[in-house]
Amino acid sequence: MPDPAQRTLLLRHATCVATLDGAGRELHDASILLRGNQVEALGPAAELPDSADEVIDARGHLVLPGLVNTHHHMYQSLTRAVPGVQDAELFTWLRGLYPIWARLTPEMIRVSTQVAMAELLLSGCTTTSDHLYLFPNGSRLDDSIDGARLAGMRFTATRGAMSVGRSAGGLPPDSVVEAEGAILAEMDRLVSRYHDAAPGSMLQIALAPCSPFSVSRDLMREAALLARQRGVRLHTHLAENDHDVAYSREKFGCTPAEYAEELGWVGPDVWHAHCVKLDGPGMARFAATGTGVAHCPCSNMRLASGIAPVRKMLDAGVPVGLGVDGSASNDAAHMVGEARMAMLLQRVGIAAEPYGCDRGPGAMTARDALRLATRGGAQVLGRTDIGHLAPGMCADLALFDLSALGYAGGAVHDPVGALLLCAPAPAAYTIVDGVVRVREGRLVSFDLEPVLRRHNELAAQLLRG
């Protein structure tokens, strides 16, 4: 049996390989040779070997670098389509769900992580972050990490937190907040136990106080200091809707971007979720400091938060990646679908200042959106080893079957454009770190049926209380 580090996997005669490299190369009738967990070679099929330890016939397929999800709340897959909050904006939605989430258990977090990652893998996603920010009934971030091991995804697990409850002027009920000293100690423990900063890392930790309306200024400052002492990244929600902006102005006397800068939450080691209401000066400051944004178009539409000015962010030089956001506000985790929505939403964006987007079909192309879902996400997560295909990069790839019904009459013209212009389809193959995790459209990381059965039992239990 070959040494796993030397085992070869050949993707042979792909109809198209979209490398998403700096030149945007798209190769036709191309092959990719993987050795161990890295890309060894790619190019015209005639110039690469015909054999390997395993060969996948990629004829009729589009090959992409694995998609990168920069923002999620995986536990929320237990509370999709909950009655009473289906038509609510952010703050009302949160107030309705906090009491339900207060009943989460360690098993619920483990199983919901597995379900969320299965859904992502089946959409061609190979790297994901998750923002877990409440820990009732003995739950810990370790429960999410344990669940992730079964799926085999590349994972940035963020230790979120809420410390300002309703009695102190925050949004969450007091029952789900934690003491700030305990939060910082737990963050430090998790970095020591799990964080792997090496190239090709499968697990990294980031520090992620939840939002301006659920944590104190002190916790934001202390978390930033701790993250920089330990060499890990920072993540939070920012400027998600008008109420979020109004809260910052009322409580702190500044805009969300000014609040972030005051507390040390700008820089190339920081990414913020949403930023729907990021204004011009905020955009300029994010661009100047390399501060990243996780754009979550489906969630922003579901909660009627608005249209994030992504085209303006990109033109200004702000790093932007895509996020599916929580499964209770999307209510899905399909990265191709998310990229399609990002493309379409920018085209119909409002023109009104100060948060306007550029109108028109040229505001975002299919290839622009795919860059957000790959290279953009890698940059936002601080990864230089994923996000495009080239020798030496991590062996993370997604293959899509261009013969599927939804691509009929489209893929023959432009296989790359068709991926987003046609209806979102599942991946035929998803490969993470050189290991096939989805094969011929079926998850092979684990047996999904019993996990789904248990997940639905837990979801019903959670709502019953």
Please tabulate, one pair per line, all N/O donor-acceptor pairs under 3.5 Å involving side-chain atoms of residues 410-426, not counting sequence neighbours.
{"from": "H413", "atom 1": "NE2", "to": "G409", "atom 2": "O", "distance (Å)": "3.1"}
{"from": "D414", "atom 1": "OD1", "to": "R367", "atom 2": "NH2", "distance (Å)": "2.8"}
{"from": "D414", "atom 1": "OD1", "to": "V416", "atom 2": "N", "distance (Å)": "3.2"}
{"from": "D414", "atom 1": "OD1", "to": "G417", "atom 2": "N", "distance (Å)": "3.1"}
{"from": "D414", "atom 1": "OD2", "to": "R367", "atom 2": "NH1", "distance (Å)": "3.1"}
{"from": "D414", "atom 1": "OD2", "to": "R367", "atom 2": "NH2", "distance (Å)": "3.4"}
{"from": "D414", "atom 1": "OD2", "to": "G417", "atom 2": "N", "distance (Å)": "3.4"}

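- Using a 4.5 Å heavy-atom threshold, the side chains of L448 and F446 count as touching.
- Looking at L120 and M153, their side chains come closer than 4.5 Å, going by heavy atoms from C-beta outward.
- Using a distance-only test at 3.5 Å, with no hydrogens or angles considered, no donor-acceptor pair links the side chain of R140 to the main chain of F135.
- M220 is linked by a side-chain contact (heavy atoms from CB on, under 4.5 Å) to P209, V215, T236, Y259, L263, W265, counting only residues two or more places apart in sequence or in another chain.
- Each side-chain hydrogen bond (donor to acceptor under 3.5 Å, both in side chains) pair with one or both residues in residues 294-305, not counting sequence neighbours, appears once here: H274-N300, S299-D325, S299-S329, R302-D331.
- Counting heavy atoms from C-beta on, the side chains of L238 and P212 come closer than 4.5 Å.
- T19 is linked by a side-chain contact (heavy atoms from CB on, under 4.5 Å) to V17, D21, R25, L27, L42, L389, counting only residues two or more places apart in sequence or in another chain.
- Put simply, the side chain of E26 never gets that close to the backbone of A18: no donor and acceptor are under 3.5 Å apart.
- A donor-acceptor contact shorter than 3.5 Å links the side chain of W271 to the backbone of T70.
- Among residue pairs with one or both ends in residues 422-435, those qualifying as side-chain hydrogen bond (donor to acceptor under 3.5 Å, both in side chains) are R154-D433; sequence neighbours excluded.
- Side-chain contact check for E222 versus L225: some heavy-atom pair is nearer than 4.5 Å.
- For E262, the salt bridge (Lys or Arg N to Asp or Glu O under 4.0 Å) partners are R217, R221, not counting sequence neighbours.
- Looking at N330, its side chain does come within 3.5 Å of a backbone N or O of V324 through a donor-acceptor pair.
- Residues passing the salt bridge (Lys or Arg N to Asp or Glu O under 4.0 Å) test with E186 are R189, sequence neighbours excluded.
- Using a 4.5 Å heavy-atom threshold, the side chains of M283 and P309 count as touching.
- Between F213 and L94, some side-chain heavy-atom pair lies under the 4.5 Å cut-off.
- Remark: side-chain polar atoms of S144 are not paired, donor with acceptor, to backbone N or O of L141 under 3.5 angstrom.
- Side-chain N or O atoms of Q346 include none that pairs as donor or acceptor with a backbone N or O of A363 at under 3.5 Å.
- Contacts of E119 classified as salt bridge (Lys or Arg N to Asp or Glu O under 4.0 Å), with partners at least two apart in sequence or in another chain: R80.
- Sorted pairs that involve residues 198-208 and meet side-chain hydrogen bond (donor to acceptor under 3.5 Å, both in side chains), not counting sequence neighbours, are lacking altogether.
- Once rounded to the nearest 0.5 Å, the distance linking CG of L11 with CD1 of I32 reads 5.5 Å.
- Take R442 and apply the salt bridge (Lys or Arg N to Asp or Glu O under 4.0 Å) test, not counting sequence neighbours, and it matches no residue.
- The main-chain N or O of M187 is never found under 3.5 Å from a side-chain atom of R159 such that the two would form a donor-acceptor pair.
- Considering only heavy atoms from C-beta on, Y194 comes within 4.5 Å of D142 through its side chain.
- Ring geometry for H237 against Y133 counts as perpendicular: the plane angle is over 60°, on a 0 to 90° scale with 30° as the lower cut.
- Nearest heavy atoms, A14 versus V63: CB-CG2, 3.7 Å.
- Side-chain atoms of D143 never come within 3.5 Å of backbone atoms of S139 as a donor-acceptor pair (strictly under, hydrogens ignored).
- By the side-chain hydrogen bond (donor to acceptor under 3.5 Å, both in side chains) test, H13 pairs with D29, sequence neighbours left out.
- Taking the six-membered ring for Trp and thresholds of 30 and 60 degrees, F91 and H243 have ring planes inclined between 30 and 60 degrees apart.
- Aromatic pair Y407/F400: ring centres not closer than 6.0 Å.
- Within the 3.5 Å criterion, the main-chain N or O of T255 finds a donor-acceptor partner in the side chain of E258.
- Legend: residues meeting side-chain contact (heavy atoms from CB on, under 4.5 Å) with A390, ordered by chain and number and at least two apart, are H388, M393.
- Looking at E338, its side chain does come within 3.5 Å of a backbone N or O of C298 through a donor-acceptor pair.
- Looking at L278 and H272, their side chains never come closer than 4.5 Å, going by heavy atoms from C-beta outward.
- Ring geometry for H73 versus H71: interplanar angle over 60°, hence perpendicular rather than tilted (30 to 60°).
- Note: D396 CG to I386 CD1 = 6.5 Å, rounded to the nearest 0.5 Å.
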